Visitor: 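Supplied in structure tokens, the structure appears directly below.
Read the numbers this way: they start at 1 and go in the same order the structure lists the ligands and their atoms. Keep in mind that what you see is a predicted model, and the values were worked out from it rather than measured.
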Amino acid sequence: MNEHFMKRAIELAYLGSGFINPDPLSGAVLVKDNIVLGESCYRTFGAASAELEVLSYGLCDLSGAELYLNIEPFGNKAKLTELIRVIKDRKIEKIYIGIEDRNPRKEIHFIEELKHLGISCELGILKDECEEMNEIYSHYIVNKTPYVIVKWAMTLDGKLATKTGDSKWISSEESLRFVHHLRQRVSAILVGENTVRKDDPLLTTRLEGVQISNPIRIIISKYGDIPMEAKVLQVDESTKTWIIASELISKEREESICNLGARILKLKEKNGHIDFNKVMDLLGRLGIDSVYIEGGSAVLGSAFESGCVHKVYTAIAPKIVGGNKAVTPVGGNGIERMNDAIVLKRLSYEIVGPDVIIKGYIY
Ligand SMILES: NC(=O)c1ccc[n+]([C@@H]2O[C@H](COP(=O)([O-])OP(=O)(O)OC[C@H]3O[C@@H](n4cnc5c(N)ncnc54)[C@H](OP(=O)(O)O)[C@@H]3O)[C@@H](O)[C@H]2O)c1
């Protein structure tokens, strides 16, 4: 039963996806005698916490009730002290927590405080699921640089596009839907200049039946050399675009891009390139906790060479296009010896429509 209620807390927590970054996804389920008395989740940045909300439900007797939380409650001393007081006053008997809050600056050790008050606390129910859903928070709160997820779709013969650069669409509709869930979760989506030129993507989140949150669209382009009519340059309050350019971008280019409502962020070039580690430092300073890199080949090559990637998704479609000139997913300089290859860890596979999606971690 413990796992059943924790699964529900996880499900609820996911409802905050895209709306609470850089805070953690948090869900709460209140149970007494195996009956759910209340459910809540953190859905809007800065709103009341899921735990406090669920405990404020109704006037019924909560003595002996149990609380299921996917992550240790986070927040400042005043907020957590108030939560602990309510837990004590309402005589909650036991708290089940998926994972600890990794914030190195946390003002209160919630679990320790509860133990001092004699309130039972069990940590680690469905730990792996709880870790994964908040891997963005756990990374950013410690490192202050974005958690980087990369994804590409490729044909069975390992091509990102045909020899003419056509890549619409390699993977199935089902895989494309999967991608939109990733877009919903992150703060920013990043692609290279050529991808904008070749594919003219919108880079927004498109999902049915849920409230949408669009990531900030980031285009990496030294001199802002993208068509002025590109869809990513159609900007409004809910679809923002940032261009990461070199300091050497021309004044005229900068002005015409800014006039369309996009923001230009400038970085120094290093060996004729924009350094990905500098990009991630800058984005982290601007409060971006997660970046989802969607390609193309040159940008993925630079991302892997810089060592900034944490998680990889690859959709393999049962299609063969051939051609020596057709780009492969990860460009850049490449390595010389197979022994030096990046080997993904904690692998999993999923069949999505006719495609296979492989997920793995670099660290
Ligand atoms: N199947 C898929 O999942 C998928 C996804 C995306 C794209 N694609 C395909 O991939 C192809 C485009 O890939 P691509 O390799 O030609 O281009 P790209 O990676 O989209 O863009 C490369 C350009 O980005 C700029 N850039 C700036 N900083 C960079 C850095 N640090 N590292 C690398 N590039 C940097 C460079 O232009 P400047 O030097 O001018 O800045 C470079 O020429 C298209 O055919 C597209 O359809 C496929």
Visitor: Could you identify the single nearest non-hydrogen protein atom to atom 31 (N) of ligand 1 and state the distance to 0.1 Å?
Guide: Ile274 O, 2.7 Å
Visitor: What part of Glu294 sits under 4.0 Å from ligand 1 if we count only heavy atoms: the side chain, the backbone, both or neither?
Guide: backbone
Visitor: Would you tell me which option among Asp275, Ile293, Val327, Asp199 has the nearest heavy-atom contact to atom 46 (C) of ligand 1?
Guide: Asp199
Visitor: Kindly identify the option in Ile244, Asp225, Val299, Val191 whose heavy atom sits closest to atom 19 (O) of ligand 1.
Guide: Val299
Visitor: Verify whether one side chain among Thr164 and Asp166 offers a donor that lies under 3.5 Å from an acceptor in the other.
Guide: no
Visitor: Taking atom types as modelled and ignoring hydrogens, do the side chains of Tyr68 and Asn2 form a donor-acceptor contact shorter than 3.5 angstrom?
Guide: yes
Visitor: Are any non-hydrogen protein atoms located under 4.0 Å from atom 36 (C) of ligand 1?
Guide: no
Visitor: What atoms of ligand 1 come within less than 4.0 Å of a heavy atom belonging to Ile170?
Guide: 1 (N)
Visitor: Taking the six-membered ring of Tyr361 (Phe, Tyr or Trp), confirm whether the NZ or CZ of Arg346 is under 6.0 Å from its centre and within 45° of its axis.
Guide: yes
Visitor: Could you identify the single nearest non-hydrogen protein atom to atom 29 (C) of ligand 1 and state the distance to 0.1 Å?
Guide: His273 ND1, 3.9 Å
Visitor: Nearest to atom 20 (O) of ligand 1 by heavy atom, Thr195, Ile249, Asp200: which?
Guide: Thr195
Visitor: Checking side-chain polar atoms at under 3.5 Å, does Ser171 have a donor or acceptor matched by the opposite partner on Asp355?
Guide: no
Visitor: What part of Glu193, side chain from CB on, backbone N/CA/C/O, both or neither, has a heavy atom under 4.0 Å from ligand 1?
Guide: both
Visitor: Counting from 1, what ligand 1 atoms have a heavy atom of Ala161 closer than 4.0 Å?
Guide: 45 (O)
Visitor: Give me the atom names and distance for the closest heavy-atom approach of Ala65 to Leu30.
Guide: CB-CD1, 4.2 Å
Visitor: Which is it for Ser302 and ligand 1 at heavy atoms under 4.0 Å: side chain, backbone, both or neither?
Guide: side chain
Visitor: Any chance the side chains of Thr145 and Asn143 put a donor and an acceptor closer than 3.5 Å?
Guide: no
Visitor: Looking at Ser221, which atoms of ligand 1 are within less than 4.0 Å of one of its heavy atoms?
Guide: 41 (O)
Visitor: Checking a contact table here: which protein heavy atom is nearest atom 45 (O) of ligand 1, and how many Å away?
Guide: Gly165 O, 2.9 Å
Visitor: Less than 6.0 angstrom from the centroid, inside 45 degrees of the normal: does Lys311 satisfy that with respect to the ring of Tyr363?
Guide: no
Visitor: For atom 25 (C) of ligand 1, what's the nearest protein heavy atom and its distance?
Guide: Ile220 O, 3.6 Å
Visitor: What residue and heavy atom of the protein are closest to atom 41 (O) of ligand 1, and at what distance?
Guide: Lys222 N, 2.6 Å
Visitor: Counting non-hydrogen protein atoms only, what is the nearest one to atom 16 (O) of ligand 1? Give residue, atom name and distance.
Guide: Asn194 ND2, 3.0 Å
Visitor: Please check whether Ser167 reaches ligand 1 - meaning an N/O of the residue sits under 3.5 Å from an N/O of the ligand, judged on distance alone.
Guide: yes
Visitor: Go through ligand 1 atom by atom and flag the ones less than 4.0 Å from a non-hydrogen atom of Trp152.
Guide: 3 (O)
Visitor: Tell me the contacting part of Ala298 for ligand 1: side chain, backbone, both, or neither, using a 4.0 Å heavy-atom threshold, strictly below.
Guide: both
Visitor: Taking non-hydrogen atoms only, is Leu160 closer than 4.0 angstrom to ligand 1 via side chain, backbone, both or neither?
Guide: both
Visitor: For the residue pair Ser187 / Asp289, report whether a side-chain donor-acceptor contact shorter than 3.5 Å exists.
Guide: yes
Visitor: Does Tyr223 have a non-hydrogen atom less than 4.0 Å from ligand 1?
Guide: no
Visitor: Take atom CZ of Arg105 as the centre, draw a 6.0 Å sphere, and report whether it contains more than 12 heavy atoms from other residues, nucleotides or ligands.
Guide: yes
Visitor: For the residue pair Ser256 / Asn259, report whether a side-chain donor-acceptor contact shorter than 3.5 Å exists.
Guide: no
Visitor: Does Ala153 come within less than 4.0 angstrom of ligand 1, counting non-hydrogen atoms of the residue?
Guide: yes
Visitor: Go through it in stages, so that I can follow the logic: the residues are Glu208 and Arg177, the test is salt bridge (Lys or Arg N to Asp or Glu O under 4.0 Å), and I'd like the CA-CA distance, side-chain angles, deciding distance and then a yes or no.
Guide: CA-CA 10 Å; Glu208 274 167 29; Arg177 258 201 303 282; over 6 Å; no
Visitor: Decide if the gap between the ring center of Phe178 and the ring center of Tyr313 is smaller than 6.0 angstrom.
Guide: yes
Visitor: Output yes when a protein non-hydrogen atom is found under 4.0 Å of atom 5 (C) of ligand 1, and no otherwise.
Guide: yes
Visitor: Give the atoms of ligand 1, by number and element, whose distance to some non-hydrogen atom of Ser297 is under 4.0 Å.
Guide: 13 (O), 14 (P), 15 (O), 19 (O)
Visitor: Could you check whether Glu122 pairs with Lys94 (Lys NZ or Arg NE/NH1/NH2 to Asp/Glu carboxylate O, under 4.0 Å)?
Guide: yes
Visitor: Under 6.0 Å from the six-membered ring centre of Tyr140 and within 45° of its axis: does the NZ or CZ of Lys144 meet both?
Guide: yes
